[in-house]
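Structure record follows, encoded as structure tokens.
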Number of protein chains: 2
Amino acid sequence: MRKVRTVTIADVARHAGVAVSTVSYVLSGKRAISATTRQRVLESVRALGYHPNAGARALASKRANVIALVLPLRAGMNLPVLMQFATSVVATARQFDHDVLLMTADEGPEGIQRVAASALVDGLLLMDVEVRDPRVPLLRELGEPSVLIGFPADADGLTCVDLDFARAGALCAEHLAAGGHREIALLGAPRVVYERGTGFAERTRAGFTAAARGLTAVAVPCEETYDEVAETVKLLFDRHPGLTGLVVHNEAAVGHVLAALRALGRSVPEDVSVVAICPDDVAERASPALTSVLIPAEDVGHEAVRLLMAKLDGLPADSMLLEPRLTIRESTR
Amino acid sequence: MRKVRTVTIADVARHAGVAVSTVSYVLSGKRAISATTRQRVLESVRALGYHPNAGARALASKRANVIALVLPLRAGMNLPVLMQFATSVVATARQFDHDVLLMTADEGPEGIQRVAASALVDGLLLMDVEVRDPRVPLLRELGEPSVLIGFPADADGLTCVDLDFARAGALCAEHLAAGGHREIALLGAPRVVYERGTGFAERTRAGFTAAARGLTAVAVPCEETYDEVAETVKLLFDRHPGLTGLVVHNEAAVGHVLAALRALGRSVPEDVSVVAICPDDVAERASPALTSVLIPAEDVGHEAVRLLMAKLDGLPADSMLLEPRLTIRESTR
DNA sequence: CCCGTTCATCGAAGCGCTTCGACACCGAGG
DNA sequence: CCTCGGTGTCGAAGCGCTTCGATGAACGGG
């Protein structure tokens, strides 16, 4: 409970018998320092347990060494992916000696304004950017370094990172086609997600449809309660009795879809093949284990931070799409 | 892209024709300022779009107005609860004019050390504290204001917040007993969680067992893949043919348990009543909708922040347990 | 042997804010 | 009429750090 007077750079300087600025240069490496002096300083740092004061450092250097992570945190989000993403962002940021300030989208554009103007953060990572997102114009105007996860309608001059969802949808369709399936369906996100204009759902559907040229292919939204899923699945097979391939792009519904198929007496993969677009652990936990396309949330987080750091250093940073990866398991043939 | 020279308090003072300190006092309210001056200053603030520089403020006032949120972010966590919690922490912190720095537990005690010593944050919120947590002794020694979510073995002198899991377990048992069930079972967390000594799983079991005095009651760990769950459920009914009441304290397994019961031809609630300990949305999404005990993640987050703020103001803050709430739906009779 | 370089280090000037003590002004009480 | 205690405001001293320009020592080339 004792509140020790905190150790300052001056204490370190005194202890090592050098000037304050010398300590600073040892720590930042911005000027050459002789090996012996450096050694002495570092020892003093260790001996005193010195940690630079973040506020003072930020004030003097105009760099807070903190980035903001703006998460949607609204209903209907894909939580596991979000968490993986957040984890990898934090870990990667730490590698670059930065910390992460957590913000929720419900603070809105003002929140972004606030943290940027107060120099609380050096840059921004915005997740789940929508096709027409009110934050995008602000971001442009602010000129604050930022990286978006997802692609807004007009991505010109912005740095965006995302999974290539069109490719993911296509991959699924192609895999089913290669298995000889002639009639396939995509069970997508809940209807509200399409209405909101979240790009990824739309792009998956487009990729799926385009790749299914030549086959009979339908794409339908999919809610997330068991009863609604069961209903949707039943309807699907009523309308398309010849359906033998199913793509599920809705993590919360995956389990329900399998249960519904079981209830309908259709076995997987004998009667119907199922491909899911979801994290590996969900696919592996299902029965049978699902052939799936991975959402590489960790890579996305990692790349996003990498790009942001480049921008902070004044380097150019181009948008990028990450390649989806198909893993074949037991649910398709 | 234009990088505007940022507006400082000196600019505001000049614009309003007052001293810098006057502006500061208007903004902080720490000294009386005449209504007219205050008005003038606030107008200048608005006119110039002034936002105080966070670093400078932190340096001068020794308060960063940031708290750290340390999340486990390891496998096997209950994601939705975590997110709800995080969201409410951020929202509540903002109400107190604080921001939230996100940290993951894998930085370990050094991470805590670092942010505390560098005055990056004023206080800490640790989630998912284990019975014997290596961070607890450090926290004691550091004397940094903190609030823990969960109870370590020795909670003396620490402020902890948690759901009253013992009560939650008891509530489930009592509800089943009241429904006339004589033979009941608890399906708990995966075995590894018990081995890790995470308190909540253990405490739920204890509460359940104690409240089930007079009934036949068993408690078993429960893994999270469909196949393992189905196996566990089958075994349970093989060994206890008279079993009619089930408590599930494992969010990831809830769906699988229901599916397994369906597969065994036991209908809910006719043959067996099921109570889940999980968030409401999971309970409602199941079929039939589950009678459940709510984990009030939002309240926990809110209270945790409230307590931490009190500590930052030098006020005392006692540990507290939050009352669980049973909602009766269609899965029990 | 002197001068121009290079290398290592130092001192001091801020960065933008809070806070303390001082001060001027005003009305009330003696 | 003078003093006293509030009020409202100001000026200046830091907070702990980075960074710029200056300085001194060591050194090689002419």
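Below, chains carry the letters A, B, ... as their sequence lines are ordered, and counting in each starts from 1.
- At a cut-off of 3.5 angstrom, the base of dC20(C) holds at least one donor-acceptor pair with the side chain of Tyr25(B).
- Judged purely by distance below 3.5 Å, without hydrogens or angles, the side chains of Ser118(B) and His51(A) never pair a donor atom with an acceptor atom.
- Listed by residue number, the members of residues 26-47 of chain B with any heavy atom below 4.0 angstrom from DNA chain C are Lys30(B), Arg31(B).
- For the pair Arg14(B) CZ and dG11(D) P, the computed distance is 13 Å after rounding to whole Å.
- Base contact: Ser21(A) has a heavy atom under 4.0 Å from a base atom.
- Here Tyr50(B) reaches the OP1 or OP2 of dC17(C): one of its side-chain N or O atoms lies under 4.0 Å away.
- The nucleotide whose nearest atom lies closest to any side-chain atom of Ser61(A) is, among dT18(C), dT18(D), dC17(D), dT18(D).
- When all heavy atoms of Ser88(B) and Gly301(B) are compared, the pair lying nearest together is OG-CA, 3.3 Å.
- Within the structure, a side-chain polar atom (N or O) of Arg57(B) is placed less than 4.0 Å from OP1 or OP2 of dT18(C).
- Contact check, Lys62(B) against dT19(C): no side-chain N or O comes under 4.0 Å of OP1 or OP2.
- A donor-acceptor distance shorter than 3.5 angstrom exists from the side chain of Asp122(A) to the backbone of Asn65(A), with no hydrogens or angles considered.
- In summary, Glu303(B) and Arg306(B) engage in a salt bridge, as defined by a charged side-chain N under 4.0 Å from a carboxylate O.
- Between the P atom of dG16(D) and the CG atom of Leu59(B) lies a distance of 7 Å, rounded to the nearest Å.
- Separating the CD1 atom of Ile9(B) from the P atom of dT9(D) is a distance of 15 Å, rounded to the nearest angstrom.
- With the end axes of the helix from dC1(C)-dG30(D) to dG30(C)-dC1(D) each set by five pairs, the angle from one to the other reads 60° at 10° resolution.
- Put simply, CG on Asn53(A) is 18 Å from P on dC15(C), counting in whole angstrom units.
- A salt bridge between Asp99(A) and Arg114(B) is present, with a side-chain N of the basic residue lying under 4.0 Å from a carboxylate O of the acidic one.
- When the nearest nucleotides of DNA chain C are assigned to Thr8(B) and Thr22(A) by heavy-atom distance, the more 5′-ward of the two goes with Thr22(A).
- If you check every strand for non-hydrogen atoms under 4.0 Å, Val20(B) touches a base.
- A salt bridge links Arg140(B) with Asp154(B): the distance from a Lys NZ or Arg NE/NH1/NH2 to an Asp or Glu carboxylate oxygen falls below 4.0 Å.
- To the nearest angstrom, P of dG16(D) lies 16 Å from CG of Leu120(B).
- With respect to Asp128(B) and Arg135(B), no salt bridge is recorded, no charged nitrogen being found less than 4.0 Å from a carboxylate O.
- For the pair Val7(B) and Leu48(B), the tightest heavy-atom approach, listed with the atom from each and the gap, is CG2-O, 3.4 Å.
- Shortest non-hydrogen contact noted between Ala119(A) and Asn53(B) is CB-ND2, 3.8 Å.
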